[in-house]
Amino acid sequence: MDAPWLTLVIVAPLTGLPVLLLWRSISDEAARWVGLAAALAAFAVSIGMLANFETGEAGFQLVSKHPWVESVGLSWFLGVDGFSVWLVMVTTFMFPIAIAASWKVDHQVRRYMAMALFLETVILGAFLSLDLLLFFLFFEALLFPMYYIIGVWGSKRRIYAATKFLLYTMFGSAFLLVGILWLYIESGNQLGKATFDLTALEQLRLSTEAGRWLFLAFFVGFAVKVPVWPLHTWLPDAHTEAPTKGSVVLAAILLKTGPYGMLRFNLDLFPEASRYFADAIMVLAVVGIVYGAIVAMMQRDIKRLIAYSSVSHMGLIVLGIFAFSAESMDGAVLQMVNHGLSTGMLFLVFGMLYERTHTREISDLGGIVQVTPWLAGAYVVAMFSSIGLPGLNNFVGEFLVLLGTFSVDRVLASIAILGVILSAIYMLWSYQRTFQGPAKERWGSLRDLSWREGAIVAPIVVAMLWIGLQPGPMLERLRPTSELVSERIRTVQVGEAVEPLARTSGPGGEGP
Amino acid sequence: MPLDNVVFWVFAPLSIATAIGMMVVRNAVHAALFLVVNFFTIAVMYLLLDAPFLFAVQIVVYAGAIMVLFLFVIMLLGVDRGDPLGERLFGQRTTAVILAVAIVAEVATAIRAGVGFATRAPEGFEAANPGGNPSALADVLFRDYFFPFEVTSILLIVAAVAAMVLALRRSRSVTQREIEEHEGDDLEAYAMAPPGAPESMREGTR
Amino acid sequence: MIDPPRVELWAILPVLILFGGAVIALVGAAFARRADQAPFALLTLAALAAAAASALWLWQREPTTALEGMVSVDRLAVVATLTLCGVGAFGAYLGYHYFERDELRRNEFYALLLFALGGMALLVAAADLIVVFLAIEVLSLSLYVLTALTFRRGPTEASLKYFLLGAFSSAFLLYGVAISYGAVATTSIQGLARGLAGTTGDQSLAIAGALLIVVGLGFKVSLVPFHMWVPDVYQGAPSPVTAFMSAATKVAVFVALVRVLHVAFVALQWDLGPAIAALSAASMVVGSVLAIAQTDVKRLLAYSSVAQAGYILSAFVAPDRDGIAAALFYVVSYAAAVIGAFGVVMLISGGIGEQTGFERFRGLGRRRPGLSALLTIFLLSLAGIPPTAGFVAKVFVLGAATSAGYWPLVLIGALAGVVGAFYYLRIVALMAMREPEGDDVADPSPLPRLVLAVPAAAVVVLGIVPGVIVPVLREAGVLTW
Amino acid sequence: MRTPIAYFLLLSAILFALGSASVLVRRNALRIFMGVELQLNAVNLTLVAFSRMHLELDGQILAFFSMVVAAAEVVVGLAIIVAVFRRTGTTDVDRADVLRG
Amino acid sequence: MIDLIGLAIAIPLVAAGVNMLVGARLGRYAGWLGTGAMVASFAIALGALLDLLSLPAGDRTQVVTVAEWIRTGAATVTLDLRVDPLSITMAMVVTGVGSLIHLYAIGYMEHDPRPGRFFGYMNLFCAFMLALVLANDFLLLYLGWEGVGLCSYLLIGFWSERPEAARAAKKAFITTRVGDVMLLLGLFAVWIHFGSFDFDTVLGSEGSLPEIAAGTATAISLLMLGGAVGKSAQLPLHVWLPDAMAGPTPVSALIHAATMVTAGVYLVVRTHVLFEISEVALIVVAVIGLAGALHAGFASLGQYDMKRALAYSTMSQLGFMFLAAGLGFSAVAISLLVAHAFYKALLFLTSGNVMHGLHDEIDVRRLGGLVRDMPWTAALFAVGALALSGLPPFSGYYTKDAILELASHDGEVWTYVLGSLGALVSAWYIARLFFTAFIGDRRYEGRAHEASTLMRAPLVVLAIGALFAGMWLALTPDGRLATFLEPVVGTVAEGHAGPSTQVLVAISVVLTLLGIAIAWRLYRPAAAERWISFPEREPGLAGALGHAFYIDDLYAWIVGTVGLRGAAALERFDRIVVDGAVNGVGRLAVRLSGLAPIWQSGRVRRYALSFLAGGVALLVFAVVRV
């Protein structure tokens with residue numbers, strides 16, 4: 001079917017906004033349904049996008065390009081390739097779930113839903129933009145709704161956490177902005193017309209030195225979002241204080257804009273610098289993996305623990321990206337999706353428990369499994385997914401990343417693989433302390449999962465199993481792109497000028 | 001030594017001396033008088049620079065009108081007691097002197113580069129003053145500068161309005177009761193040093 | 001006998017209309033001091049509308065200078081005048097609401113407002129430094145009085161400080177004009193450009209003149225370190241006056257600065273650039289950092305306007321059309337956001353007592369959701385967070401600075417933006433994320449909110465489709481000499 | 001004329017600096033304002049000197065405008081000072097510090 | 001039936017799914033469902049075995065494609081199962097012994113509130129285990145490998161309300177994970193070297209050896225050995241197994257005796273080609289096996305908990321299997337594996353009977369004289385014990401004897417001597433258990449009740465297996481099983497000359513009898529006082545044995561003290577230094593901002609000063625040329 005799919009995907013969540021914004025006396029229940037319906041609509045549209053995605057193509061597809069502010073070279077330039085298609089899918093998949101999971105939000109529901117839908121739109125926009133300024137616009141625009149969601153509906157230290165989140169990420173994007181502007185001006189010098197068009201900017205011939213500085217600017221911008229050690233400390237606070245939905249979205253989707261940015265922009269625009277800095281970045285990533293895991297182990301707060309586990313897992317993704325092998329890139333992208341599912345589900349299920357117990361302290365919990373076996377079961381599934389058990393989704397990604405890395409650098413891969421052990425330690429240890437052990441009197445009357453909650457969790461479990469057992473369909477669509485990028489990066493020699501990228505443009509062509 | 005040099009070397013030091021005097025004396029009336037003298041010396045300089053019309057205007061407007069207004073206000077406000085000698089702001093005077101010297105040095109450097117210290121004004125200024133200085137000025141003023149001249153009228157209207165608004169307020173609706181009513185919350189509303197700024201950060205003594 | 005001068009009054013029609021309106025208002029106020037102020041407000045709005053219409057009419061004209069080279073007729077002036085008229089309209093409405101609420105009669109307000117606007121409209125068209133100087137004096141004298149208009153202690157003190165420092169800065173401005181005159185033997189902006197274009201050799205004198213002019217103008221737009229009056233005056237002045245002057249003064253003076261830096265002294269751009277960049281950086285950093293600790297919203301916005309001035313100035317290091325367009329876009333979006341922000345603050349501050357401390361804003365999102373939503377939009381724009389005009393503006397000016405090669409300045413600006421986000425969103429957090437304390441009498445009239453929704457809409461629209469005005473601003477940025 | 005034009009300019013600079021210094025060191029608003037007047041006069045001297053140097057009258061015209069402005073400023077300034085005095089009973093600017101921080 | 005082998009995995013998997021999801025509704029039928037699934041699986045495996053036997057020896061490696069898995073461009077990865085003598089033997093053990101244990105568990109778990117969950121996990125385990133042994137590539141093997149680990153975790157922690165069970169489950173998973181990681185690295189190395197995970201590619205087929213240098217082979221095989229060591233609880237990753245006994249006894253029997261722990265042996269045997277190319281790796285295997293056999297054998301002597309003693313026994317027996325594999329006698333290792341599956345399952349289940357009959361009492365110091373209350377159990381235990389101790393004609397005899405005989409032939413005397421010592425200790429500790437628990441005076445209160453028929457019947461079958469498997473399968477180097485396995489694991493090379501078989505058999509029997517005799521000497525009923533007070537009399541020796549030479553304690557110290565302190569220090573570092581820096585910047589900005597009143601003092605003269613200073617500073621740009 002010929003339709004501006006990508007624009008539709010981005011706009012779909014917005015369909016709920018007019019109702020939510022203008023109908024001020026809307027009942028809470030209705031607001032929830034509007035939010036859910038809009039999110040589901042986005043999911044439906046994204047399925048359509050996926051159906052029209054041509055397998056085996058490396059380049060951008062379903063491209064739509066319209067000038068927006070012509071005089072400054074800003075255009076509404078969207079496109080999807082193997083990297084972004086699954087990130088879009090996981091976004092549209094997780095958002096309805098996250099919204100359904102926040103059914104219990106009871107104040108300012110209308111605003112909550114509006115913010116959630118707005119957030120979804122901008123995140124989708126960030127994943128689909130091929131115009132640097134457009135990307136940056138979305139990248140920055142997602143800060144405020146997230147800030148607002150954490151700050152308004154979060155728990156006790158929410159304002160501190162929200163502010164820290166916002167400032168830290170803005171700090172990173174300050175560098176990103178400088179980099180983007182520099183490229184923009186350079187494009188004016190080299191191409192005659194300044195533009196933010198990614199495909200045009202790829203054609204620039206940058207000096208080695210300039211490329212490296214720009215790489216660093218972009219990298220810092222994305223590294224904060226990932227977060228790459230040691231820029232991670234906003235994450236535990238934000239995760240911990242955010243409401244369940246916020247944590248889910250933050251972990252599942254928002255963090256992915258960081259590694260996605262690296263994959264899309266750093267690697268494409270600055271291949272030489274990417275190679276030059278790869279070793280250092282891989283070291284940072286490995287440090288992050290081990291460090292995050294060890295620090296996670298010592299947390300007393302489950303959400304903090306999960307947050308630090310994210311630091312560890314995200315390190316793996318960065319490792320995969322900068323190992324530059326097709327496998328590791330496949331793995332990194334897969335892992336972005338997987339981490340979204342598994343960590344998202346951990347937050348989701350723990351959020352359900354939190355609704356019942358109102359405590360996040362490990363030491364307060366214990367013996368839950370006897371009382372609420374299904375809830376515990378759901379947690380166990382998410383936990384083992386996160387640990388990387390074969391058969392579940394995370395394993396596939398981890399395996400590919402580590403495999404790809406191992407072929408490049410055995411030592412780093414061998415250290416990184418410690419994360420696999422450490423994740424088992426902190427996860428199982430915390431599970432033991434929170435869910436197992438003698439049943440505590442005060443948790444004797446907890447309800448088990450309701451049907452609604454079960455229905456929220458079930459799709460994720462299905463997705464986890466599907467990816468874990470049948471990663472083929474994903475890899476098929478991913479592989480050509482990662483091979484293209486990997487191929488290009490690997491042919492680059494450190495210290496040598498780089499030939500501009502010759503990207504075979506995918507089908508889809510101009511939009512209507 | 002040509003006459004104009006003599007005049008310059010007499011009046012320039014005097015000018016500086018009176019400026020310093022204006023700056024340092026305690027009594028406001030004395031300061032105003034020093035300033036009047038200073039304005040006279042500047043008027044003399046105008047004469048040296050072949051600007052007789054401005055010489056006259058300087059004396060009439062500045063020394064005559066403006067300074068009288070100053071003295072009038074000084075008297076009106078009864079503030080002829082003089083300034084206290086002590087400086088309460090740390091380093092204010094020293095820094096002021098340093099900055100004053102610095103700005104002179106900078107401007108002097110610029111002048112040296114742009115004009116040169118030894119450059120003398122070319123002769124033939126009479127040619128620019130056909131029919132005498134006032135008449136020539138009038139030519140320029142009412143042809144090239146007629147629009148700015150009109151703008152000054154607006155400026156003077158504004159000034160008049162301003163004076164009227166500011167000065168007439170006592171006689172109008174603001175009553176004593178209104179003042180009393182608001183006096184308290186005034187201080188509250190405006191005395192808003194950020195909390196946590198320790199007293200020591202605030203300069204001087206109240 | 002001298003040749004009669006050419007009196008092309010059409011060229012300054014907007015200015016004439018504004019001054020004319022001012023005089024009428026003044027006469028009216030003189031005869032009806034205690035009268036209902038509504039007619040005055042309507043008169044002001046009518047004058048503004050007429051001025052705007054006449055400015056639009058001027059858009060079609062070929063760029064030229066008129067009145068013996070004293071004023072320019074060009075699109076830059078037109079755009080700036082239109083903006084000023086818009087700002088003036090909101091200022092007039094806010095003032096009306098402000099004085100009406102406390103049943104104060106300050107009918108001189110409208111006359112002074114129109115005088116100030118007239119001075120500004122003249123400033124943006126000025127083609128000669130002497131006109132710049134005179135126009136600045138007109139607007140300054142008006143603003144000094146406006147600041148003091150409620151004659152309470154704060155406003156009076158603010159007025160005194162504003163006046164003393166303003167006079168001080170006028171001296172610098174005039175000295176700058178004098179030295180420029182000394183260097184090039186003309187005060188005409190285009191004359192300066194022509195005079196400097198051909199010359200080689202040591203330009204110290206001209207640079208010194210230019211810099212002194214920058215000092216004088218920098219004072220008006222609150223650049224560090226000439227900004228120190230700003231917090232005191234913005235806080236002390238009545239809110240509508242603050243709203244008006246923070247927006248309008250910046251529009252007018254920055255446009256004058258465009259003429260000074262992009263035309264008159266454009267030949268010296270490589271010498272002036274570093275100085276401009278230093279001022280810009282200092283303003284962004286100092287303004288942002290000092291705003292952090294503020295606990296009074298007006299004062300906080302005052303410091304923020306210091307930082308904002310720094311951003312606008314950063315576009316001036318790039319002396320080209322893009323730089324001008326960027327600065328203009330920033331100025332326009334800033335004006336919309338800041339007048340809106342001060343407007344909301346005024347509505348919340350609860351009258352002439354001007355309670356603008358943070359506690360007043362706590363939990364406002366629950367008590368007055370409409371106003372707090374509006375303020376949030378304005379603050380987001382000031383913080384440069386999409387999808388608001390502030391974001392686009394920031395990208396534009398920093399892009400302009402990048403194109404001139406001043407990337408450290410860009411980095412400083414971007415990082416200062418982080419600090420900025422902190423204090424702007426602190427207010428958002430205060431309103432949305434804290435529990436309200438005590439109760440508040442809701443403003444029953446929806447009119448102020450509707451009026452302030454206009455700049456809010458502008459901010460959002462410009463944020464999403466900046467293309468609607470960018471071509472116009474680029475047109476305005478074409479300066480010929 | 002034998003006196004180099006720069007001498008006048010230097011004298012003017014010195015007077016300008018002295019005027020500035022007066023603004024900085026005096027606490028009485030009136031005397032601060034006198035400092036400003038001195039500055040304006042200094043500038044006028046510069047203008048007239050340059051006028052002489054360039055052999056044209058624009059500088060003198062500018063000086064003339066400057067005097068008008070100074071007069072207008074004096075009117076407004078003195079009115080403000082009087083207003084402040086009425087409100088607070090002092091012209092000491094150091095006492096005007098309720099607005100700060 | 002070979003083509004249907006996929007069903008052998010699928011049926012337990014489906015049953016597991018049903019049991020886990022709706023098991024609560026099934027009640028006691030859950031057990032029957034689980035058992036039925038296992039029996040069906042067994043039947044399929046049996047059919048496949050028979051089919052295989054009907055083929056000529058050279059064609060007995062069949063690959064069954066179950067599904068297409070990953071298709072990228074040209075390459076297609078399919079999900080294949082491999083049916084060959086080795087895998088079908090393993091599958092028979094898993095399904096056969098598994099069926100019996102499931103059946104037993106119906107009775108054993110009848111009072112448990114969550115039978116559905118239990119049997120679900122058990123079936124899931126069997127499915128994974130079958131995937132592991134039937135895999136035709138390392139990826140599926142690894143899937144099964146981790147899957148059984150998961151089930152092990154779930155089943156050890158089945159009674160998670162008991163803190164020790166939860167702890168043990170976690171410990172088991174994490175410890176084996178250390179090994180798993182090495183296996184994973186081994187797989188990466190395989191991928192890099194071969195570009196494939198296929199057994200045929202990696203291990204060579206049709207007698208052709210893979211092309212690989214000895215050094216690489218050493219690296220790969222040692223990494224795989226790491227995985228095997230973890231899974232099979234060998235030194236130094238053995239510490240989890242004794243603790244794992246906190247799980248229900250059928251679990252101990254199935255997972256921690258008969259099947260999962262032997263996966264390590266299976267892996268080594270499966271990849272023996274690589275080990276043989278490496279040679280070094282082979283020696284390491286033998287050394288680890290021997291060390292494990294002795295270490296665990298002696299440690300078993302110090303245990304008073306019957307199940308722990310049996311756990312150490314399992315480790316010891318696994319050590320023998322590793323020894324055999326390390327000496328190059330893969331077929332013998334598998335023979336021992338099969339035999340061990342029978343008698344060790346039997347021993348565990350009989351001790352399960354004891355627990356069942358005595359309310360979970362398992363400490364031999366509080367048992368004794370059980371033979372009177374539980375004659376069946378005692379007799380079955382005796383059969384198992386005799387099989388383990390290696391007396392002819394029990395199954396253990398054949399295998400142990402084969403190992404020792406081959407060791408003696410191999411020329412390395414130390415392997416034979418130490419192996420014999422291990423055999424002696426085996427007889428000693430198992431006899432010790434029998435003597436202390438089943439004969440003598442009762443040291444428990446009340447009466448133990450004999451197990452139900454349901455729980456006895458499978459034991460009888462196992463006992464028959466323990467008795468006759470050795471004879472029937474002729475688990476000797478040239479016996480029926482070895483011949484069957486030959487196409488996969490190769491022949492057992494005839495070693496150098498050594499003592500004749502008869503002499504060796506005699507020595508072996510004598511040693512076994514000696515072991516039993518020592519046990520009788522020490523643990524006969526009359527000496528009960530002595531051995532019970534042994535720890536008080538000889539705290540050093542008893543402690544060393546009881547704590548298995550303190551290795552676990554060392555680990556606990558390293559992990560629990562050093563590791564935790566390190567982690568805590570790192571956490572503090574994160575909080576104070578890394579996050580502290582971030583917050584410090586923020587605080588610095590606020591502090592700086594708080595300084596505003598110094599400058600912004602409200603004094604207009606200060607403002608003018610600032611103004612003038614700014615002007616002066618700016619004018620510098622006019623007079624100073626850069």
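Keep in mind that this is a model prediction, so the values were computed, not measured. Residue numbers start from 1 in every chain, and the chains themselves are labelled A, B, ... in the order their sequence lines are given, proteins ahead of strands.
For the options B/V7, B/V161, B/V158, B/V104, heavy-atom pairs under 4.5 Å to chain D are most numerous at B/V104. Of the listed residues (B/L155, B/L156, B/L141), the greatest number of heavy-atom pairs within a distance under 4.5 Å of chain D belongs to B/L141. Of the residues considered (D/L78, D/I14, D/I80), D/L78 shows the highest number of contacts with chain B, using heavy-atom pairs under 4.5 Å. By number of non-hydrogen pairs under 4.5 angstrom with chain D, the leading residue of B/A12, B/A19, B/P122, B/A162 is B/P122. Of the listed residues (D/L57, D/V75, D/V76), the one with the most heavy-atom contacts under 4.5 Å to chain B is D/L57. Highest contact tally toward chain D, considering only B/V101, B/L69, B/V61, is held by B/L69 [criterion: heavy-atom pairs under 4.5 Å]. When D/S20, D/S51, D/G19 are compared by the number of non-hydrogen pairs under 4.5 Å with chain B, D/S51 comes out ahead. With chain D as the partner, the residue from B/I16, B/I20, B/V57 showing the most heavy-atom pairs under 4.5 Å is B/I16.
Here the side chains of D/F50 and B/V115 are in contact, with some heavy-atom distance below 4.5 Å. In this structure, the side chains of D/M53 and B/L49 stay at 4.5 Å or more apart for every pair of heavy atoms. Put simply, the side chain of B/R120 does not reach to within 4.5 Å of the side chain of D/I5, judged on heavy atoms. Using a 4.5 Å heavy-atom cutoff, the side chains of D/V69 and B/T152 are not in contact. Put simply, the side chain of D/D58 reaches to within 4.5 Å of the side chain of B/Y145, judged on heavy atoms. Between B/M45 and D/V48, the closest side-chain pair of non-hydrogen atoms is not below 4.5 Å. Looking only at side-chain heavy atoms (C-beta outward), B/L35 and D/N41 stay at 4.5 Å or farther from each other. Side-chain contact between D/E37 and B/F70 is present, with at least one heavy-atom pair separated by less than 4.5 Å.
Distance check, rounded to the nearest 0.5 Å: CD1 of D/I61 to CZ of B/F53 gives 8.5 Å. To the nearest 0.5 Å, the span separating CG on D/L18 from OG on B/S15 amounts to 8.5 Å. We find the CD-CZ distance between B/Q92 and D/R27 to be 11.0 Å, quoted to the nearest 0.5 Å. The distance from the OG1 atom of D/T46 to the CD1 atom of B/I111 is 6.5 Å, given to the nearest 0.5 Å. The CE atom of D/M34 sits 5.0 Å away from the CE atom of B/M67 when rounded to the nearest 0.5 Å. From D/T3, atom OG1 reaches atom CG of B/N5 across 4.0 Å, with rounding to the nearest 0.5 Å.
Using a 4.5 Å cut-off between heavy atoms, B/A32 touches chain D through backbone and side chain atoms alike. Using a 4.5 Å cut-off between heavy atoms, B/F149 touches chain D through backbone and side chain atoms alike. If you measure heavy-atom distances from D/E56 to chain B, the contacts under 4.5 Å come from the backbone alone. Proximity to chain D involves both the backbone and the side chain of B/Q58, based on heavy atoms less than 4.5 angstrom apart. Of the atoms belonging to B/A118, it is backbone heavy atoms, and not side-chain ones, that fall under 4.5 Å from chain D. Heavy atoms closer than 4.5 Å to chain B are found in the side chain of D/L11, but not in its backbone. For chain D, the nearby part of B/I103 is the side chain; its heavy atoms alone come within less than 4.5 Å.
Residues D/A79 and B/A163 come closest through the heavy atom pair CB-CA, 4.0 Å. Residue D/M67 comes nearest to B/L54 through the heavy atom pair CE-CD2, 4.1 Å, listed as atom of the first residue, atom of the second, then distance. Across all their heavy atoms, D/A6 and B/G116 have their closest contact at CB-O, 3.5 Å. Nearest approach of D/Q60 to B/N133, heavy atoms of both residues: OE1-ND2, 3.1 Å.
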Evaluation steps, side chain to side chain contact (heavy atoms under 4.5 Å, CB included), between B/M23 and D/V23: CA-CA 9 Å; B/M23 184 167 77; D/V23 173; over 6 Å; no
D/L15 and B/N38: CA distance, side-chain angles, deciding distance, side chain to side chain contact (heavy atoms under 4.5 Å, CB included) verdict: CA-CA 10 Å; D/L15 292 178; B/N38 181 277; 3.8 Å; yes
Candidate pair D/F64 and B/L137, rule side chain to side chain contact (heavy atoms under 4.5 Å, CB included), full reasoning: CA-CA 10 Å; D/F64 174 73; B/L137 269 178; over 6 Å; no
Stepwise side chain to side chain contact (heavy atoms under 4.5 Å, CB included) test for B/V107 and D/F16: CA-CA 10 Å; B/V107 173; D/F16 187 86; over 6 Å; no
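You'll find the ring centres of B/F8 and D/F8 inside the 6.0 Å limit. Residues D/Y7 and B/F117 keep their aromatic ring centres 6.0 Å or farther apart.
For D/R31 (side chain) and B/M22 (main-chain N/O), a donor-acceptor pair under 3.5 Å exists by modelled atom type.
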